[in-house]
Number of protein chains: 2
Amino acid sequence: MHTHLEEDRQLLYQNALDHLKGKGIRLTDTRKAILYYLIGSPNHPSAEMIYRDLLPSFPSMSLATVYNNLKLLVDEGFISELKVSQDSTSRYDFMGNEHPHIVCERCGAIEDFMDSHHPNIHQAIERRTGYQVTRSQLVVYGLCPNCQEALKKA
Amino acid sequence: MHTHLEEDRQLLYQNALDHLKGKGIRLTDTRKAILYYLIGSPNHPSAEMIYRDLLPSFPSMSLATVYNNLKLLVDEGFISELKVSQDSTSRYDFMGNEHPHIVCERCGAIEDFMDSHHPNIHQAIERRTGYQVTRSQLVVYGLCPNCQEALKKA
DNA sequence: TTGCTTGCAAAAGGTTTGCATTAAG
DNA sequence: CTTAATGCAAACCTTTTGCAAGCAA
């Protein structure tokens, strides 16, 4: 559900490139690689993971460049930053539409899932709190199927 | 709704003390002060804020002690840790029952609010994801009423 | 008395910044 | 040619850790 099909990936990638070009943002090789990587990754990678995975292709790339670009892509609205309990690093997520995350408290996996009535609550929240709501993040914690199995055996 | 009445505060405080004592955890002055502070605070303070506010009463207290005790209180289930976007520090929250938070993206305020049907979704999520759900955190971002006013004037 | 807890300072992450250099447009 | 973006290293901020001293039980 979060792993985009190859055609989708190309489309989203081209879309993003067009947007960036339109704003006069330069399309460097590293920037394009980071963006492309994020569109294809279902794993909500950290800056470090992205760096490690791209380093073979860009041996001179620095971690700071990864951070710079992550910030830029967050600011441009292409990716979102996700901080979860028991993890001191930020995780990143390419996704236009809002969706909840579910985190395994044992192995640290993060997955997306869909929740139909989740965005609908914004209006109710505005009425109740007086806030002007821009977005919401639902993070669910638990045990993933793999870890449930592993614990049964132990 | 999160600021406990004085009587509630005393009750919750005594409850927590009893629990800690029952587990053989020592009740030091700083530990008690941090716990008591958190029960009465509606502001979701960071470790630094707690440290700053308690320092006048405990001039020799160190920040490490605040962190130590926050970790202990999280482990014992009395408080929860909350990480929000655009804030590099952890915020803490005394609260037995689960409840959503709403964060002002302009001034950084964090407030609690109640959401009746929020806990009910756990079963549906378990069915859909295969995860064994233990808890969930809903964080809503937006503009608080004060900041809405401030922006109107500007 | 026992050993958990504290205070201090140093270390350990993770992220940001300053600056000279490189390269996109 | 201009200036945004990169790579590098140092700085920064938050949190954790090691250890001797202190104090709750």
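A, B, ... follow the sequence lines: proteins, then strands. Residue 1 opens every chain.
Note: CG (Asn68(B)) to C1' (dT16(D)) measures 9 Å, nearest angstrom. Between the CZ atom of Phe58(B) and the C1' atom of dG22(D) there is a distance of 16 Å, given to the nearest Å. Remark: C1' of dA25(D) and CG of Leu20(B) are 14 Å apart, rounded to the nearest angstrom. Ile25(A) places its CD1 atom 14 Å from the C1' atom of dT3(D), with the value rounded to the nearest Å. Residue Lys83(B) contributes atom NZ, which lies 12 Å from atom C1' of dG13(C) at whole-angstrom precision. Rounded to a whole Å, the OH atom of Tyr67(B) is 15 Å from the P atom of dT6(C). Atom OH of Tyr51(A) and atom P of dC8(D) are 7 Å apart (whole Å). Per the geometry, NZ belonging to Lys23(B) stands 12 Å off P belonging to dT5(C), to the nearest Å.
Residue Ser62(B) holds its OG atom at 7.5 Å from CG of Asn68(B), rounded to the nearest 0.5 Å.
Note on Thr30(B): a side-chain N or O is less than 4.0 Å away from OP1 or OP2 of dT6(C). Dashed line: the shortest gap from a side-chain N or O of Asn69(A) to OP1 or OP2 of dT6(D) is under 4.0 Å. Distances shown here put every side-chain N or O of Thr28(B) at or beyond 4.0 Å from the OP1 or OP2 atom of dA24(D). When the side-chain nitrogen and oxygen atoms of Arg31(B) are compared with OP1 and OP2 of dC4(C), none of them lie within a distance under 4.0 Å. One finds no side-chain N or O of Ser60(A) lying less than 4.0 angstrom from the OP1 or OP2 phosphate oxygen of dT6(D). Residue Thr89(B) places none of its side-chain N or O atoms closer than 4.0 Å to OP1 or OP2 of dT14(D). Close to dT15(D), at under 4.0 Å from its OP1 or OP2, lies no side-chain N or O of Ser88(A).
Judged by distance alone, with hydrogens and angles left aside, Arg26(A) brings a side-chain donor or acceptor within reach of the base of dA4(D), the pair sitting under 3.5 Å.
Heavy-atom nearest nucleotides on DNA chain C were determined for Gly24(B) and for Pro59(B), and the one closer to the 5' end corresponds to Gly24(B). In terms of position on DNA chain D, the residue among Arg91(B) and Leu27(B) whose nearest nucleotide sits closer to the 5' end is Arg91(B).
A donor-acceptor pair shorter than 3.5 Å cannot be found between the side chains of Tyr67(B) and Glu48(B). Checking Glu6(B) against Gln10(B) by side-chain atom types alone, a donor-acceptor pair falls below 3.5 Å. A donor and an acceptor atom, one from each side chain of Ser85(A) and Glu81(B), are nowhere located under 3.5 Å apart. Residues Glu111(B) and Tyr131(A) have side chains that bring a donor and an acceptor to within less than 3.5 angstrom of each other.
Residue Ser46(B) is out of contact with every strand shown, counting any heavy-atom pair closer than 4.0 Å.
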